[in-house]
S.K.: 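Sharing a structure here in structure tokens format.
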Amino acid sequence: MSLSVDIAHRLGSFDLNVAFEAPAGVTALFGRSGSGKTSVVNAVAGLMRPTSGRIALNGDVLFDAKTGPEQPPHRRHLGYVFQEARLFPHLSVRKNLAYGQRFARPGAERPDLKTIADLLDITPLLDRRPGTLSGGERQRVAIGRALLSAPRMLLMDEPLSALDAARKADILPYLEAVRDSAGIPILYVSHNMTEVARLATTVVIMDAGRVVKAGPAEEVLSDLDLVPMLGVRDAGALLQATVLRDHDDGMTELSIAGGTLFLPDMGLGPGSRTRVRIMAHDVILADHRPEGLSALNILHGRVIALRDGRGPGVIVRLDCGGDTLLARITRRSAQALDIAPGREVWAVVKSVSVARTDIGAG
Amino acid sequence: MSLSVDIAHRLGSFDLNVAFEAPAGVTALFGRSGSGKTSVVNAVAGLMRPTSGRIALNGDVLFDAKTGPEQPPHRRHLGYVFQEARLFPHLSVRKNLAYGQRFARPGAERPDLKTIADLLDITPLLDRRPGTLSGGERQRVAIGRALLSAPRMLLMDEPLSALDAARKADILPYLEAVRDSAGIPILYVSHNMTEVARLATTVVIMDAGRVVKAGPAEEVLSDLDLVPMLGVRDAGALLQATVLRDHDDGMTELSIAGGTLFLPDMGLGPGSRTRVRIMAHDVILADHRPEGLSALNILHGRVIALRDGRGPGVIVRLDCGGDTLLARITRRSAQALDIAPGREVWAVVKSVSVARTDIGAG
Amino acid sequence: MSGWLGPAEWQAVALSLKVAFWATLLSLPLGVLTALALARGRFPGRQVLNALVHLPLIMPPVVTGYLLLLTFGRRAPVGEWLAETFGLVLAFRWTGAVLAAGIMAFPLMVRAIRLAIEAVDPRLEQAAATLGAPRAWVFLTVTLPLMAPGLIAGAVLAFAKAMGEFGATITFVSNIPGETRTLPSAIYSFLQVPGGDGPALRLVAVSIFVSLLALALSELLAHRAAKRVAGR
Amino acid sequence: MSGWLGPAEWQAVALSLKVAFWATLLSLPLGVLTALALARGRFPGRQVLNALVHLPLIMPPVVTGYLLLLTFGRRAPVGEWLAETFGLVLAFRWTGAVLAAGIMAFPLMVRAIRLAIEAVDPRLEQAAATLGAPRAWVFLTVTLPLMAPGLIAGAVLAFAKAMGEFGATITFVSNIPGETRTLPSAIYSFLQVPGGDGPALRLVAVSIFVSLLALALSELLAHRAAKRVAGR
Amino acid sequence: GKAQEPVTVFAAASMKTALDEVAALWARDGNPPVRIAYAGSSLLARQIDQGAPADLFISANPDWMDWLQDAGMIRESSRRTLLTNALVLIAAPQTIAPGTTDGTVTAGYDIAAALGDGRLAVALVEAVPAGLYAKASLQALEQWDVLQPRLAETDNVRAALRLVASGEAPLGIVYRSDAIAEPAVRVLGTFPADSHPPILYPAALLPDAQAGAAPFLDFLSTPEAKAVFETQGFGTDPHP
Ligand SMILES: Nc1ncnc2c1ncn2[C@@H]1O[C@H](COP(=O)(O)OP(=O)(O)OP(=O)(O)O)[C@@H](O)[C@H]1O
Ligand SMILES: Nc1ncnc2c1ncn2[C@@H]1O[C@H](COP(=O)(O)OP(=O)(O)OP(=O)(O)O)[C@@H](O)[C@H]1O
Ligand SMILES: [Mg+2]
Ligand SMILES: [Mg+2]
């Protein structure tokens, strides 16, 4: 299961020239407004014909500028959640949802309309027309419609941007389940680093029509070079973790390369592997192992690199028993604690700061 | 400068019944998808006629179901940024931006098109048509169009949801400036607590067509009762602060009721008053004053209340010399530190965790 | 009311209704196809087709009728072929009146439908395609319902035109009572003789009444369709 | 080519162009207003207005022409009043031909414009209103440009119809050479006599040529307008 | 104010070819040109009734002239019968039909048999003069009942002629003046003049006709003009 994209196209004065691989799992397209994310997704869906290049899904060539006719959109079987919902105004919500069902590939696992409607909290809307829905309701119906077409791959262009935190928290686990169980790859456009960090297995960073960096999420998101591009607020590291045991008080104990972590219960059994994201600004450094703090997670590590940010902050890259951890502290603190490459430090991570939506199965 | 809304309306099976006051500054309408936010804004703009009630802006009655004809939308002079951009497809971006300029109220301060276009980073798009813009570009043009009509009040329905962090960071300070200098009240719909916390002076929480809670932002956002509704991730406190001095290393020293805080330079002169938001999950509690930490801000306080959340977390409400602070810690930590009402604790706040976008002038 | 119009007049009314009905119904699918080709097609003969469709509007009806006669008459190649192959005779038959009325109404119908097609948001059709729907299905379930208001407008224009068509009809199929003597032919006959004004105006009134009934019906349908299309 | 048509025929061509041009131009604003009232209005007489607009399509052209004669003729009250008050004589003048052609083309024009108005997204008009634009300005700067494709379609239908209109015109203003002898009337005159088919067909060709020219022009304009409306 | 306008003639459309030629002669003689509006007699009569700016009316049948006369819309004194015409039976080129004796269609000539399975093209038998005359003749020849269901009626004579010329109708009944000008048809015979009311083309000046109209009306009866009319198949002697 893998999508390979290598295309070039010109839109007015905008030059799109991207190549990346989207392996199984979620590939996040991340980039500022106007960087070409929607254009890439349109090309994959077959709604835009690039001037040159090639797009293939699991070896099935969707488009090749050299070898002639591309596959028409309806043969591609890609569930596209558009940036604007694009619901069919003349059909009820129910019929909108069901629209793609009849064209599901034979043999594909077909999700159930009722299940999806409940998940998306749109069951009370089923008999309404799209014209009367609120912005977020529309977006949820659009997500449901794409899911129900039983696609080979999901293309999601900022699907959750119109949704409140509670709704997001309901939908994200389902997307994770789609990613993991159904083996359907997802191409996911988002500005929201929390979403990206949670879902993405692969991250493609775009800028001005070019791919700036692409690779496994852990690698890309903890790349210090990308901090200015991702935004300092969104810098952080993804760590592979294994569940050790679940405690009675609702905490789960995880083992990572550099020690153990306590996180709120994730409902995973012991032995499961998972990913946790630790934001750089959620890490406090100490020159000794601190005691008597409410923070449960204290990791020992060694400073690898420092990078000055804009303003009075620095980003510190730590090696914690093999894992990379980022910490964002003030220059003043860095001086006070004498932070320099090679220095041994303790990283204080509030367990709850590794929030529910930042925990994703990997 | 104040908007007063008290309306009732029925949309199919949805019952809207809201009353609130939006004083000068930014009033955030916050609520889950489908709670009626857009409907309220539409009523204020004159695009929906409520069945009953009254809407007035500074004593100027915009609508009164009892006393006859309402003011038509174009006389209300409210700059509305719609949830969907609604640009005029046949006009260039420049003409879209300039559309409202000719109708600006005489005497109103008229922002300059070039300035606004630069601010929104849309100057290169001025001669394009909306059909070729990306989602985020469209949204920025819509914001510019509303700002340039020199409105008496701004109505913004999730204006920044399609924008990346960097773009948001550019636009938010300008909205603050509008709020503070021009004295234009803003009614601001958003799901994003960071935006709300930064901008809002007043917060109106809606649910299922009703106002659940309305009042000054500090009060509403640190209301423990609302934690389940706002989402645990978004719990936090707003503190009034006064700038003491700016340090050479780019830090600003602020005085709050409970002590001093160090924050990245805010470009405000000594003596200015401002607001800082401290998220509950960014606060670590300690049973003694910790030393040797990279965190610069350590406040002394007393536990007022504890509230159990879903899962293994508790929210602790502290009194820090008169200010309220929220801290979110695990139940395990609470037991370890013996947290109970009356207990004296130290709250560790990473200065940088009070991020740039969480600092707003108050 | 049966005393108000003679049996011959009632016959003309019934015939006109039959002709207008079939002319509208039969030309609808062709009108949709043509409008689709004109609105969306990118083939070389597009402008020629467009011109052809408009011809009946531009040419005097008599000329159109005469051309029909030269094409579909008994002695004309196409007419002969139709008669031999399908047993379909058009000249001097009510079927020919249907053809004449349909052709005269065609430009009006196509224009309305074409406008409606052009107003359909292609992004919705794209959305349907990404859901796996083949082009024909997209057309049937998305494009067609969304252009319903234009379809209705086109149909009612065509019906009204077919009810009123005279020149091409009488030229092509003559004026045979019970077969091709439509309402307008009857009206024309009355107007030719001194004193015929009264009966002529009575028939005009019937014609107006019938057409307005169709109009009112179409408004109702169009209103519903517009509501659907707006998604409410 | 001047040898191909005689001076009298050229005169008819010129007159038809003049009549069709003015008929189209003058009925456009009224057509827009009427379409607007029908598409958006919520007044009691709406259905009556709708019926009225469609009448010329329903009634035999001769009847329409005759009614015009009875209303605007020299002996008719309205005609007399117009002549006395404004010095405007319509009956048997080319101005009357403009009126007849305009009225006959009106339903086609209104239908096209109305369809276009109904396709305009009211949310854009709302957006304009919130920016302070009064209704008339919104109409001029948002509604009107967005319905341009329909406007063009309406105008070209009206022009083609006006070029081809015969029945109402000859009835209302007769067939006076140089004054009211339009192309279709000239064609009619030729078609009434044996041996006139040749000249008649030549005139038909001219009529088709002119109308197709207008059609091609309108396609170009409509294409541009459609691109604008799509925002590209 | 119509003094400066040319003399306007309202004339039945079927006279166009002949009348245009006569008008050309008139103008060639140095007279001020006349302009002639052609249309159906019924329409022209109605228009005159509504104040049409005509000076002279030439009708293709007496009924509409009578109608105008009753309404006081013509100068009775100026009324005259200008032309006559005859009714003929014509055949399409490919029609195989027996010839008539002496070129006259008599009661013994079986039109129905000659028709085969085709139709007989005539102008509207209840409305258009040529159709009215044809009906009268067929009734007089006692063939009406047989032929009535086999008619193909047209809105004018010219259209009936066209049906026969194109072969769509094997036979037709038209004026002699029409048949003569159409080489594609063959005249089988003339209907007896007494089988139908006389076919007359009356002309009259309108009450406030311009001074120039009367001389033109007179010109229409000059030998020069008559010659033209006769070549076109009209009769010029109303009292044979
Ligand atoms: N026809 C065109 N002419 C010129 N520029 C175009 C055209 N179409 C698209 N563009 C430009 O291409 C760029 C990429 O657009 P795209 O929609 O892919 O951006 P995006 O990354 O999805 O942005 P957003 O996050 O705002 O949705 C934009 O800057 C847009 O202005
Ligand atoms: N005509 C209608 N009939 C029935 N329900 C309606 C109608 N119009 C709106 N509603 C309902 O009213 C509720 C409020 O809609 P509104 O657009 O105000 O929500 P919102 O708070 O802006 O949501 P979002 O954040 O998703 O944009 C929604 O649940 C919507 O489904
Ligand atoms: Mg996009
Ligand atoms: Mg909303």
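Computed from a predicted model, the values in this text were never measured in an experiment. Each chain gets a letter, A, B and so on, in the order the sequences are listed, and its residues count up from 1.
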S.K.: Can you tell which part of A/Leu87 gets under 4.5 Å to a heavy atom of chain C, answering side chain, backbone, both or neither?
M.R.: backbone
S.K.: Can you tell me if A/Glu109 has over 12 outside heavy atoms packed within less than 6.0 Å of its CD?
M.R.: no
S.K.: Just give me the residue among A/Arg76, A/Gln101, A/His90, A/His77 that pairs up with chain C most often, heavy atom to heavy atom, under 4.5 Å.
M.R.: A/His90
S.K.: Given the options A/Arg128, A/Glu84, A/Arg105, A/Arg75, which has more heavy-atom pairs under 4.5 Å with chain C than any of the others?
M.R.: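 So the answer, after comparing A/Arg128, A/Glu84, A/Arg105, A/Arg75, is A/Glu84.
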S.K.: More than 12 heavy atoms of other residues, nucleotides or ligands under 6.0 Å from CZ of C/Arg135: is that the case?
M.R.: no
S.K.: Got a sec: does the CZ of C/Arg224 have more than 12 other heavy atoms crowding it under 6.0 Å?
M.R.: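 Open.
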S.K.: Side chain, backbone, both or neither: which part of A/Arg86 has a non-hydrogen atom closer than 4.5 Å to chain C?
M.R.: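 Both parts, backbone and side chain.
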S.K.: Rounded to the nearest 0.5 Å, what's the gap from CG on A/Leu78 to OG1 on C/Thr130? Could you check?
M.R.: 8.0 Å
S.K.: Would you indicate whether the side-chain heavy atoms of C/Leu131 and A/Tyr80 approach each other to under 4.5 Å?
M.R.: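 A side-chain contact is absent here, since even the closest heavy-atom pair is not under 4.5 Å.
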S.K.: Give the interface residues of residues 99-129 of chain C toward chain A, defined by a heavy-atom separation under 4.5 Å.
M.R.: C/Arg123, C/Leu124, C/Gln126, C/Ala127, C/Ala128, C/Ala129
S.K.: Please tabulate, for side-chain N and O atoms in residues 26-38 of chain C, each donor-acceptor pair with protein atoms closer than 3.5 Å (sequence neighbours left out).
M.R.:
| from | atom 1 | to | atom 2 | distance (Å) |
| --- | --- | --- | --- | --- |
| C/Ser27 | OG | C/Ala23 | O | 2.5 |
| C/Ser27 | OG | C/Thr24 | O | 3.4 |
| C/Thr34 | OG1 | C/Leu30 | O | 2.6 |

S.K.: Identify the residues of residues 138-146 of chain A whose heavy atoms come closer than 4.5 Å to a heavy atom of chain C, ordered by number, or report 'none'.
M.R.: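 So the qualifying residues are A/Arg145, A/Ala146.
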S.K.: Give me the contact list for residues 142-155 of chain C versus chain A, heavy atoms only, anything under 4.5 Å, ordered by residue number.
M.R.: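 Residues of residues 142-155 of chain C touching chain A at under 4.5 Å: C/Val142, C/Pro145, C/Leu146.
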S.K.: Between A/Ala150, A/Gly79, A/Gly131, which shows the greatest number of heavy-atom pairs under 4.5 Å with chain C?
M.R.: A/Gly131
S.K.: If you compare all heavy atoms of A/Pro89 against all heavy atoms of C/Ala230, which two are closest, and at what distance to 0.1 Å?
M.R.: CB-C, 4.4 Å
S.K.: Side chain, backbone, both or neither: which part of C/Ala133 has a heavy atom under 4.5 Å from chain A?
M.R.: both
S.K.: Would you say the side chain of C/Trp137 lies within less than 4.5 Å of the side chain of A/Arg102, judging by non-hydrogen atoms?
M.R.: yes
